Colleague: 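Mind having a look at this structure? Questions to follow.
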Amino acid sequence: MTVSGSWERAARGAMLLGPDGDLKTTIFAEMSALAVSTGAINLGQGFPDEDGPEAVLEAARQAITDGINQYPPGRGLPVLRNAIAEHQRRFYGVELDPDREILVTVGATEALAATILALTEDGDEIVTFEPFYDSYAAMIGLSRAKHVTVALRSPDFQPDLDELRAAVNDRTRIILINNPHNPTGAVLSREALACLVELAQKHDAIIVSDEVYEHLTFGVAHVPICTLPGARERTITISSGGKTFNTTGWKIGWLSAPAELVEAVVAVKQYLTYVGGAPFQPAIAVGLGLPDSYFTTAAATLAAKRDMLCAGLVTAGFSVFPPQGGYFVVADVAPLGFADAAEFCRQLPALAGVVAIPVTAFVRETNRAEYRSLVRFAYCKQVNVLTTASARLAALSTRA
Ligand SMILES: *Cc1c(COP(=O)(O)O)cnc(C)c1O
């Protein structure tokens, strides 16, 4: 099927257009279908298989009972905007005006989409790391901005600061970072954050920081880039309740930024979805107000799962790059005798009853060579699922 118009730009950005304009299916769809048809354990897609805190779930049920079922205010229910402001003060010492500096969105995804559409014109450049979260490339394509990438390489997936300096220039409108990073699990060093702020100041660029894994770091503190000197006035910070409270299906996200930037994003957002998720908004407000112990336990529980899956992958014979945050671990299949991770992922359900995603799905075609043998596994799954997956993967070790 051939496509044209904005859809074509989005598809091209998302690397889904073949040479004759035919639309390819995503590797995510292909792998999820494979998981279903083979009954394999799906460690491809990053969603938790357990419910989040009961107080949050109950608050959503209560909100429906209480009649919070119509359009909420355009910028989000005050109870949630206040809770976001209080959360930013409590965890990061950032003071925000909930009426002017916060916007509730339909997931972090809409916050990203509205921000990119609102702030860029044809030909503006947007710098992201590579690999990148897949929706970035599609949205940048849709916006007609130019996507410029800076490589994150194993083993630690920190950016090379000279490459970063070479990528940012006076045409750069947005530096879009994701910290902690999906798919690599990297948490950006202070040095990298400081370099990003310096470059944004020098070239008058806006920093957009996707921090959906802000509470899921392992032994390293999450530092919002907006807390660095000189960053606040040019930073849009994006987060979401999905990853923090195991409510990815609720799609309650938000951003915080200086009032003028929020206003620009609202102008687009009001015509994308206008609003969303009324009864879930007060529920996420309850979540954001949970005691510190909730957040530390969530991170510790996930760290233990990370350790389990990493150990299983090492036993199976992969080279493993342990993540510092987020839902995913990247592993190299080369020691198992495979050169191509996409091919490996197609065979993995038959070989070991597990589904994973090749890292090349998050990399543009021209830059795939150095990621060719890397695979992403999700560990945001129940302990017994990870134990079974590890036992199955151990069968691979006899092949090498
Ligand atoms: C999951 C994820 C998102 C999407 O968040 P939603 O709130 O579900 O829209 C955005 N960015 C990254 C890096 C993610 O992993």
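For ligands, and for the atoms within them, numbers begin at 1 and follow the listed sequence. Just so it is clear, the structure is predicted and the values come from calculations on it, not from any experiment.
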Colleague: Ignoring angles and geometry beyond distance, decide whether Tyr213 reaches within less than 3.5 Å of ligand 1 through its nitrogen or oxygen atoms.
Modeller: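 Between Tyr213 and ligand 1 (N or O atoms, distance only) the closest approach is under 3.5 Å.
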Colleague: Relative to atom 13 (C) of ligand 1, which among Thr109, Thr105, Asp210 owns the nearest non-hydrogen atom?
Modeller: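 Closest candidate by heavy-atom distance is Asp210.
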Colleague: Under 3.5 Å, N or O to N or O, is Val212 touching ligand 1 that way?
Modeller: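 Not met; the criterion fails.
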Colleague: Quick one: nearest non-hydrogen protein atom to atom 1 (C) of ligand 1, plus distance?
Modeller: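 Here the nearest protein heavy atom works out to Lys243 NZ, 1.5 Å.
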Colleague: Over all heavy atoms of both residues, which pair between Val106 and Glu110 is shortest? Give the atoms and the distance, please.
Modeller: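 It is N-OE1, 2.8 Å.
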Colleague: Please tabulate, for the side chains in residues 244-260, all donor-acceptor contacts under 3.5 angstrom to protein atoms that are two or more places apart in sequence or on a different chain.
Modeller:
| unit_1 | atom_1 | unit_2 | atom_2 | d |
| --- | --- | --- | --- | --- |
| Asn246 | ND2 | Glu50 | O | 3.1 |
| Thr247 | OG1 | Gly241 | O | 3.2 |
| Lys251 | NZ | Thr109 | OG1 | 3.3 |

Colleague: Among Phe157, Phe328, Phe28, which residue satisfies the ring-ring contact (aromatic ring centres under 6.0 Å, His included) criterion with Phe362?
Modeller: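 For Phe362, the ring-ring contact (aromatic ring centres under 6.0 Å, His included) test succeeds with only one of Phe157, Phe328, Phe28, which is Phe28.
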Colleague: I need the single residue from Arg364, Glu370, Arg372 that forms a side-chain contact (heavy atoms from CB on, under 4.5 Å) with Arg368. Which is it?
Modeller: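 Of the listed residues Arg364, Glu370, Arg372, the side-chain contact (heavy atoms from CB on, under 4.5 Å) partner of Arg368 is Arg372.
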Colleague: Polar contacts were defined as any N/O atom of the residue lying under 3.5 Å from an N/O atom of the ligand; does this apply to Thr248 and ligand 1?
Modeller: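 N/O-N/O distance below 3.5 Å does not exist for this pair.
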Colleague: Inspect the contact between Glu214 and Lys243 and indicate whether a charged nitrogen and a carboxylate oxygen are less than 4.0 angstrom apart.
Modeller: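 The answer is no: the pair does not qualify as a salt bridge.
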Colleague: So is Tyr133 polar-close to ligand 1, meaning N/O to N/O under 3.5 Å?
Modeller: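 No - when backbone and side-chain N and O of Tyr133 are compared with those of ligand 1, no distance drops under 3.5 Å.
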Colleague: Do you know which of Arg75, Arg232, Arg81 makes salt bridge (Lys or Arg N to Asp or Glu O under 4.0 Å) with Glu101?
Modeller: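 It is Arg232, the one option of Arg75, Arg232, Arg81 that forms the salt bridge (Lys or Arg N to Asp or Glu O under 4.0 Å) with Glu101.
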Colleague: In the protein, which heavy atom is nearest to atom 5 (O) of ligand 1, and how far is it?
Modeller: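 For this ligand atom, the closest protein heavy atom is Ala108 CB, 3.5 Å.
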Colleague: Go through ligand 1 atom by atom and flag the ones less than 4.0 Å from a non-hydrogen atom of Gly107.
Modeller: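 In order of number, 6 (P), 7 (O), 9 (O).
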Colleague: Are any of the N/O atoms in Ser240 less than 3.5 Å from those in ligand 1?
Modeller: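 Yes, there is a polar N/O contact under 3.5 Å.
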Colleague: Answer with side chain, backbone, both or neither: which part of Lys251 has a heavy atom less than 4.0 angstrom from an atom of ligand 1?
Modeller: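 The answer is the side chain.
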Colleague: Is it true that Glu125 and Arg173 make a salt bridge, defined as a side-chain N closer than 4.0 Å to a carboxylate O?
Modeller: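 No, Glu125 and Arg173 are not salt-bridged.
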Colleague: Would you mind listing which atoms of ligand 1 come within a distance below 4.0 Å of any non-hydrogen atom of Asn178?
Modeller: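 Under 4.0 Å from Asn178, ligand 1 has these atoms: 13 (C).
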Colleague: So, are Asp170 and Lys202 salt-bridged, with charged N and O less than 4.0 Å apart?
Modeller: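 Between Lys202 and Asp170 there is no salt bridge, as every charged N stays at least 4.0 Å from the carboxylate O atoms.
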Colleague: Check Glu110 against ligand 1 and report side chain, backbone, both or neither, counting heavy atoms closer than 4.0 Å.
Modeller: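 Within the 4.0 Å criterion, Glu110 makes no contact with ligand 1.
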